[in-house]
Amino acid sequence: MSQEALDKSYEPHEVEKRWYSFWEEHGFFDADAKGRAPSFSIVIPPPNVTGVLHMGHALNNTLQDILCRYRRLRGDDVLWMPGTDHAGIATQNVVEKKLAEQGLTRHQVGRERFITAVWEWREKYGSAIINQLKRLGASCDWKRERFTMDEGLSRAVRKVFVELYREGLIYRGNYIINWCPRCRTALADLEVEHEAHDGHLYFIRYPGEGGQEGLVIATTRPETLLGDTAVAVHPDDDRYRYLPYDKVLLPLMNRVIPVIFDDYVDRSFGTGALKITPAHDPNDFEIGIRHGLTGIKVIGEDGIMTREAGEFAGMDRFSCREVVVKRLESQMLLVRVEPYKHSIGHCYRCRTLIEPNLSRQWFVRAKPLAQQAMEAVTTGKTRIVPDVWTKTYFEWMENIKDWCISRQIWWGHQIPAWTCGICNEMIVALEPPAECPSCGGKDLIQETDVLDTWFSSALWPFSTMGWPEESLLLKKFYPTSVLVTGFDILFFWVARMMMMGLHFMKEVPFDNVYVHALVRDEEGKKMSKSSGNVIDPIDIIEKYGTDAFRFTLAAFAAQGRDIKMSEKRVEGYRHFMNKLWNAARFSLMHINEELDPPEPEGLSLPDRWILSRTVQVSKGFADALDAFRFNDAAGILYQFAWHEFCDWYLEIIKPVIYSQAEENEKRKTLGVLNFVLNRMLILLHPVAPFITEEIWHKFPGKRNSIMKAVFPLDEDGFAERFTDTESESQMNRIQELISGIRNVRGEMNIPPGLSLDARVMFQDNGMRALVEEQGEIISVLARLKSLSFINHQERPRKAASAVVDGATVYLLLEGIIDFQKERERLEKEIRRIAMDLASVSQKLSNEDFLKKAAPEVVEKVKTKQDSLLEKQSKLTLNLNRIREMEE
RNA sequence: GGGCGGUUAACUCAGCGGGAGAGUGCUACCCUCACACGGUAGAAGCCACUGGUUCAAAUCCAGUACCGCCCACCA
């Protein structure tokens with residue numbers, strides 16, 4: 001009569017594999033650019049091609065997938081645009097390492113062959129992270145997958161570059177930039193990570209030009225003195241205002257350099273005298289410009305001292321420092337050395353110490369672009385959630401500096417600029433020019449630098465949709481609905497997408513930016529390979545299943561707080577999945593044919609109640625997701641599915657199902673069970689896509705994927721027809737009564753197998769009618785063998801009692817009652833009530849409270865006082881009777 | 001140096017002006033015909049500290065302490 005039974009516990013692996021390919025094959029992830037439904041779109045933060053799925057990805061993509069699946073169920077045309085990032089430096093490093101294994105450097109291989117090698121590498125390994133995303137259940141439109149280096153995106157990059165150049169928003173110039181001597185490339189300020197470091201402050205004497213005592217400067221980087229071209233002091237500093245000389249002798253180099261006056265100098269730091277090295281310090285560079293000083297590059301691009309460093313040429317920058325210090329010491333020019341804590345910059349890719357260096361680079365003029373990007377947030381065109389990040393966003397935008405976009409690496413978008421070998425004319429163009437427009441020369445040499453990876457990422461929301469073509473996709477899906485990202489790339493990426501999107505599309509790239517937390521380890525530390533605390537998401541998936549993992553991530557994604565990940569938590573949610581599975585298993589033991597949806601009329605109280613709760617939960621879940629409160633959304637479902645549906649509803653209907661109840665009644669209840677369980681599956685599907693799909697198909701009748709189901713709130717008349725607040729409050733009273741009896745049983749240690757006789761005394765007729773009507777349910781759930789009604793005079797003597805709102809229940813315990821235990825139980829309860837009563841009464845005796853508090857609050861407190869007083873008197877009465885019995 | 005966040009039950013965290021909550025763990029009793037990855041019940045908290053605003057503060061304000069993060073060119 002029934003179909004094959006479900007296994008006793010849920011086994012995720014086979015299920016996940018099967019349904020993922022089913023969805024993909026049936027095109028359920030495909031976006032419909034021609035659809036007429038409202039659009040919902042997200043562009044994925046493109047993971048690096050070199051990437052391996054980590055917890056951050058898992059969280060980020062789970063949240064996106066929840067939103068996409070949810071919006072599909074709501075009937076939207078959804079586009080989730082996937083892709084990967086070419087990750088210039090990171091990828092180049094990986095391939096270089098591979099070459100190194102063969103004893104080769106990229107320079108030996110040559111640019112062209114090296115790039116081919118990178119492409120080959122990408123072909124082979126680049127899809128690893130995509131496959132991992134699929135295991136997470138990510139419902140991206142894979143057919144549209146893009147890569148920041150693919151042809152279309154590269155064209156978009158060139159177009160943006162050319163246009164910005166023509167508008168004067170891109171320029172080239174000699175500036176001091178952050179140089180990574182290992183990657184041998186310039187880095188943007190953002191790509192430098194500052195770290196506290198225990199260093200030294202060296203005090204060094206620069207003698208006067210004429211052999212005078214001279215002055216003492218303080219520096220943390222003595223080796224840079226080789227490139228000094230001045231010493232600066234504050235113009236108002238009395239120590240130096242009236243020096244008898246205006247030049248000093250640069251130690252070790254025997255170069256005469258001027259003493260200059262500049263406001264920048266902080267008189268209170270060190271000696272108030274500052275050495276100026278325009279080629280190796282950003283501040284000195286600025287001062288150098290103000291005073292017309294030249295810069296002398298003494299540290300080379302490989303971190304080795306240059307010829308300009310004289311006898312120190314060829315030394316490594318670190319050993320040079322030691323030698324310089326020793327030499328100064330021997331010449332009695334090192335006055336003293338103090339320990340000094342300061343922060344120094346490291347390359348964010350390879351951790352190498354950054355060397356500020358003078359060089360010729362390309363820059364984006366950021367200020368004008370930032371202006372619009374700020375306005376868009378001010379006016380609310382783009383909303384940042386949670387709001388705390390808005391301030392951070394503004395602060396950064398206000399202090400934005402020009403963005404260094406050129407990198408001296410090979411893997412990336414080569415800058416579309418050519419220089420004429422004959423007349424030196426520079427040509428910036430979309431395609432390689434055939435000849436120099438100025439002199440007609442054919443000897444054109446392309447700029448060797450490539451663009452910062454973030455330059456192409458900045459175009460991602462529109463370049464992936466076909467820009468600069470006016471594609472259908474852009475029309476339908478731009479601006480995107482929401483960008484889901486971690487705060488660590490707020491500036492790197494989000495801010496720059498805002499700037500580029502507004503400039504080129506004249507429209508913000510996203511309506512909302514949802515900034516989620518970082519995933520940390522159990523102790524709250526950042527997960528990193530070096531600390532060995534990395535939890536691999538794939539391991540978690542293998543062990544507990546994807547749905548359990550996703551549920552954990554969602555449940556912990558509270559706004560504004562980091563997530564501490566531990567297996568323990570995932571285990572808890574695996575139990576939840578198993579609970580769901582078994583709820584379905586139970587239901588399917590009884591549902592073995594297709595059932596019509598229920599009609600609200602003529603249903604039992606529990607049926608009306610669970611339907612009404614389903615409506616409330618659907619609303620609550622939708623509201624939570626609409627506000628990006630993922631943890632609330634997950635929590636609502638967890639609470640409902642486990643503690644209302646399983647704990648109460650399934651238990652309540654068991655008597656109906658198992659008893660010889662009328663076939664018609666049974667059928668009605670099964671109809672409700674079927675209906676509610678299926679609605680619940682739909683609600684759960686965005687968070688737990690696999691198990692819900694699997695269960696969905698176990699139901700009788702041929703059905704389409706759960707992905708094609710209708711979200712309960714969008715179903716015809718669902719909310720209106722099944723909302724029944726009366727049934728909810730009635731069920732609450734029944735539940736309270738049952739819990740009251742169970743409490744007595746538990747506290748008195750009455751074995752579950754023992755059925756009791758109950759006598760109930762009522763406060764009001766409504767409650768009496770209700771209990772009479774639901775007598776069977778109460779009897780089963782509270783394990784009663786009889787339930788009857790009594791009045792005051794009939795109160796039993798050898799009984800334990802439970803006082804609930806509107807009724808007192810006496811449980812006959814002839815022979816087994818432990819009077820002392822019952823007395824203690826009642827006393828405890830009375831104590832508790834007395835405490836509540838004290839706080840309530842205090843409020844009500846306060847005139848200010850009565851005068852100033854909101855009337856509804858006062859009313860509420862009064863009602864509460866009444867009910868507490870009543871309960872107290874009843875309990876006291878019962879207590880006195882027990883005391884009598886005890887004697 | 002500037003900015004931000006955290007401090008609530010043993011643990012992990014919700015709640016953010018009017019009854020201290022959840023999950024895990026713990027205790028007791030149950031292998032009851034969906035589930036022991038389970039059921040029922042229970043114990044457990046001066047909501048970091050100090051002061052202020054308010055009829056009312058875990059919740060708002062100020063300060064203190066201790067953690068954590070971000071930004072920054074004091075050599």
Side-chain angles (χ1 to χ4, degrees), chain A residues 5-6 8-10 176 189-190 194 201 217-221 224 232 264-266 268-271 273-277 281-286 340 342-343 345 356 388-389 391-392 395-396 399 487-488 490-491 518 520 522 524-526 544 548 555-556 558 560-566 568-569 571-590 631-632 635 638-639 643 646-647 650-651 654 658 739 742-753 781-783 836 839-840 842-843 846-854 856-858 860-861 864 868:
Chain A
L6 269 55
K8 205 169 171 183
S9 61
Y10 174 59
I176 192 132
D189 293 338
L190 265 182
H194 293 271
L201 194 56
I217 58 90
T219 181
T220 53
R221 296 191 301 156
T224 61
Y264 171 80
V265 180
D266 178 354
S268 62
F269 189 91
T271 59
L274 172 65
K275 66 191 260 328
I276 301 296
T277 325
D281 183 283
N283 297 309
D284 295 3
F285 176 74
E286 293 293 326
Y340 187 65
H342 61 131
S343 78
V388 286
W389 293 105
K391 200 180 166 190
T392 314
E395 244 154 55
W396 191 72
N399 300 315
F487 58 79
D488 48 334
L490 197 59
F491 306 136
L518 245 48
R520 299 174 177 281
E522 273 177 277
K525 281 186 295 215
K526 214 167 174 169
Y544 303 98
F556 278 90
R561 203 194 261 242
D562 286 349
I563 299 172
K564 292 185 202 164
M565 203 7 104
S566 86
K568 256 274 145 58
R569 273 151 233 159
E571 202 181 336
Y573 287 98
R574 180 181 58 170
H575 295 173
F576 177 57
M577 293 305 142
N578 197 52
K579 187 76 180 174
L580 281 178
W581 181 256
N582 275 287
R585 189 163 98 108
F586 168 77
S587 305
L588 284 161
M589 285 172 172
H590 303 98
N631 60 323
D632 285 348
Y638 185 95
Q639 163 68 24
H643 298 304
C646 290
D647 288 352
L650 291 186
E651 294 309 318
K654 276 180 186 174
Y658 287 124
S739 298
R742 284 170 168 177
N743 172 275
V744 174
R745 299 189 62 121
E747 295 263 288
M748 305 277 296
N749 266 334
I750 296 166
L781 296 199
R783 301 235 162 199
D836 287 354
S839 89
V840 169
Q842 197 194 357
K843 271 186 187 172
N846 181 346
E847 272 182 49
D848 282 329
F849 172 74
L850 296 173
K851 243 185 334 209
K852 293 180 182 168
E856 62 269 24
V857 172
V858 176
K860 214 170 132 188
V861 174
K864 190 177 173 192
L868 282 172

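Chain A is the first sequence line, chain B the second, and so forth, proteins listed ahead of strands; every chain is numbered from 1.
Rounded to whole Å, the P atom of B:G63 lies 44 Å from the corresponding atom of B:C26. The separation of B:A9 from B:A44, taken at their P atoms, amounts to 15 Å, rounded to a whole angstrom. Between B:G42 and B:C55, the distance separating the two C1' atoms is 37 Å to the nearest Å. Spacing of P atoms, B:A43 relative to B:G51, comes out at 32 Å, to the nearest Å. Taking the P atoms as reference points, B:C37 lies 11 Å from B:G25, given to the whole Å.
For A:K860, the NZ atom sits in a loose shell: 12 or fewer heavy atoms of surrounding residues, nucleotides or ligands are nearer than 6.0 Å.
If you look at A:Y544 and A:Y573, their ring centroids are not closer than 6.0 Å.
For A:K8 and B:G38, the shortest distance from a side-chain N or O to OP1 or OP2 is not below 4.0 Å.
Rounding to whole angstrom units, CG of residue A:D488 and C1' of B:G5 are separated by 16 Å. A:H643 has its NE2 atom 11 Å from the P atom of B:A41, to the nearest Å. Taking atom CD on A:E651 and atom C1' on B:A41, their separation rounds to 15 Å, with Å as the unit. Atom CH2 of A:W396 and atom C1' of B:G3 are 16 Å apart (whole Å).
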5'-to-3' dot-bracket of RNA chain B (Watson-Crick, G-U; under 3.5 angstrom; crossing pairs as [ ]; | other strand): ((((((((.[[[[.)..(..]]]].(((((.......))))).....[[[[[..)....]]]]])))))))....

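A:D647 comes within 4.0 angstrom of the backbone, heavy atoms only, and of no base. Contacts of A:Y10 with the nucleic acid, taken as non-hydrogen atoms under 4.0 Å apart, are absent.
Residue-to-nucleotide contacts include a donor-acceptor pair under 3.5 Å from the side chain of A:Y264 to the base of B:C73.
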